[in-house]
Number of protein chains: 2
Amino acid sequence: MRIGELAERTGTARRLLRYYEEQGLLVAGRSPNGYRDYPEGCVNRVLQIRGLLESGLPTRIIRQILPCINDPRAIHVSDATPETLATLEDERRRMTDRIECLLRSREAISGYLEAVRREQRPAAARHEVTA
Amino acid sequence: MRIGELAERTGTARRLLRYYEEQGLLVAGRSPNGYRDYPEGCVNRVLQIRGLLESGLPTRIIRQILPCINDPRAIHVSDATPETLATLEDERRRMTDRIECLLRSREAISGYLEAVRREQRPAAARHEVTA
DNA sequence: TCAAACCCTCACATCGATGTGAATGTCAAG
DNA sequence: CTTGACATTCACATCGATGTGAGGGTTTGA
């Protein structure tokens, strides 16, 4: 598919798709006319990229992580320098930190929302709200 | 405590502590000489802030969710405009998305690391469980 | 044939988080 | 009294992700 369709299907600006490619997160073939040509799998790949970016990972790290995710078959010790492995372990730990932080905060928000709603319930006719 | 100690104890640049204050994420008292004076609780608060920033939340959002976290007692419907509640719900959903994305990616990394290690110890782990 | 809707590259702009340094004030210890 | 370590404010710089637009080629359909 061409860049426009991929953009639409992933809710991602064309500009960014080209940027991700430039950053080595995405590979696109080329049609004879020079247009980028994406395989179907790119949709999920882009969604992955965006999810990780939204979660605070920089492209440099995503570049290292994506091969583990998208090519579950292409695992060879050869591509894994001990340095890369260390980075992956490190990044896994950081992901765990993020997850825990987000879980805690989400619980707190839920608690707050519940509390507010409990307070809004009891007096059912109390809607003299002056915004 | 003064800014230097807080910086050291949280591993955060002084510059950033001032920035967080400017962004309304942190409140500091002032000593007679004009130095910032932080209460003990700021340590955890700063760690929260940094965790959320690392997880991709902008200060604007952190400013809205911090009160839910740090003042579990100061809950009053009065401060909760329906607009704020909507934002909170929205942000909670986004946090869930992030959590899921991070969980998936972390699992993928773990799977990769395991696979690599199985390959590095061919003799020992011949019939291990394939995660 | 022409216009609209795609695509390309390139480059500069913006925005939020962070770095850095200048110019200055405060305070404890030699 | 001075020096060194801390603090202050202010302002400009950097960096990564993203926006935007210029200048131009390609495809499609009226």
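All chains are named by letter (A, B, ...) in the order of the sequence lines, taking the proteins before the strands, and each is independently numbered beginning at 1.
Counted within 6.0 Å of CD on B:E8, heavy atoms from surrounding residues, nucleotides or ligands total 12 or fewer; the atom is thus considered open.
Residue-to-nucleotide contacts include no donor-acceptor pair under 3.5 Å from the side chain of B:Y19 to the base of C:dG19.
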Contact list (N/O, under 3.5 angstrom) for nucleotides 10-12 of chain D vs protein:
none

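For B:R2 and B:Q23, each mapped to the nucleotide of DNA chain C holding its nearest heavy atom, the one lying further toward the 5' end belongs to B:Q23.
Residue A:E22 contributes atom CD, which lies 10 Å from atom P of C:dT9 at whole-angstrom precision. For B:R14 and C:dG19, the CZ to P distance is 13 Å, given to the nearest whole Å. A:R30 places its CZ atom 14 Å from the P atom of D:dT26, with the value rounded to the nearest Å. Computed from coordinates, the A:R60 CZ to D:dC15 C1' distance equals 11 Å when rounded to whole Å.
Within the 4.0 Å cut-off from OP1 or OP2 of D:dT27, at least one side-chain nitrogen or oxygen of A:N33 is found. Phosphate proximity of C:dT18 to B:Y20: present, with a side-chain N or O under 4.0 Å from OP1 or OP2. Within the 4.0 Å cut-off from OP1 or OP2 of D:dA17, at least one side-chain nitrogen or oxygen of A:T59 is found. Distances shorter than 4.0 Å separate none of the side-chain N or O atoms of B:R36 from OP1 or OP2 on D:dA7.
Between the side chain of B:R50 and the backbone N or O of B:T12, no donor-acceptor pair lies under 3.5 Å. When atom types are taken as modelled, the side chain of B:D37 and the backbone of B:M1 share a donor-acceptor pair closer than 3.5 angstrom.
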